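Have a look at the structure below before the remarks.
One is the number of the first residue; the rest follow in order along the sequence. We count ligands from 1, going down the list as the structure has it; atoms in each ligand are counted the same way. Keep in mind that what you see is a predicted model, and the values were worked out from it rather than measured.
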Amino acid sequence: MTDDEAMAIALNEGQKALGHGDVPVGAVVLVDGHVVASRHNERERNGDPTAHAELLALQDAAVARRDWRLTDATLVVTLEPCPMCAGAAVAARIRRLVFGAPDPKAGACGSLYNLCADPRLNHEVSVTAGVQRDQVADLLSSFFAAQRAK
Ligand SMILES: [Zn+2]
């Protein structure tokens, strides 16, 4: 599966968050080119500040793999992960992170911090940024425009 194909799945997953008023962010975890977990942001739905798409997808992937170490996994997420989710990606020891749009206000994979490539941490994650960046930005900006119109 190409990064573009995986991002299309993450975008589709992110749109599901619109059904419960959450910011449309989607994440998938791939192992050997297969989707082992696919989740979207559920912060508003669950009233849980930690219910970000990436965290939920990593938890599902660990259950599916019966191992918290996701060393052969790729995390594909529409928006650049925040410090919590980048920290979780490092903690899970994932091999690769792919994201769509940068997040200048919270991004921790190159924008504000770079937790995925900090030699002080015990694991580094290879990062590919900007996959379907425009599609991700369109989805987010249409959500925030609709929120402002309310
Ligand atoms: Zn996050």
Sphere of radius 2.8 Å around the Zn ion (ligand 1) - protein N, O or S atoms inside: His52 ND1, Cys82 SG, Cys85 SG

Qualifying residue for side chain to side chain contact (heavy atoms under 4.5 Å, CB included) with Thr74, from Val98, Ile94, Val125: Val98

Any residue meeting ring-ring contact (aromatic ring centres under 6.0 Å, His included) with His52, in chain and number order, not counting sequence neighbours: none

Criterion side chain to side chain contact (heavy atoms under 4.5 Å, CB included) against Leu79, the qualifying member of Asn41, Val23, Leu139, Leu140: Leu140

Any Leu56 side-chain heavy atom under 4.5 Å of Gln59 side chain: yes

With His20 via ring-ring contact (aromatic ring centres under 6.0 Å, His included) - residues at least two apart: His40

Listed once per pair and sorted, the salt bridge (charged side-chain N to carboxylate O under 4.0 Å, His left out) pairs that draw on residues 93-107, sequence neighbours left out: Asp3-Arg96

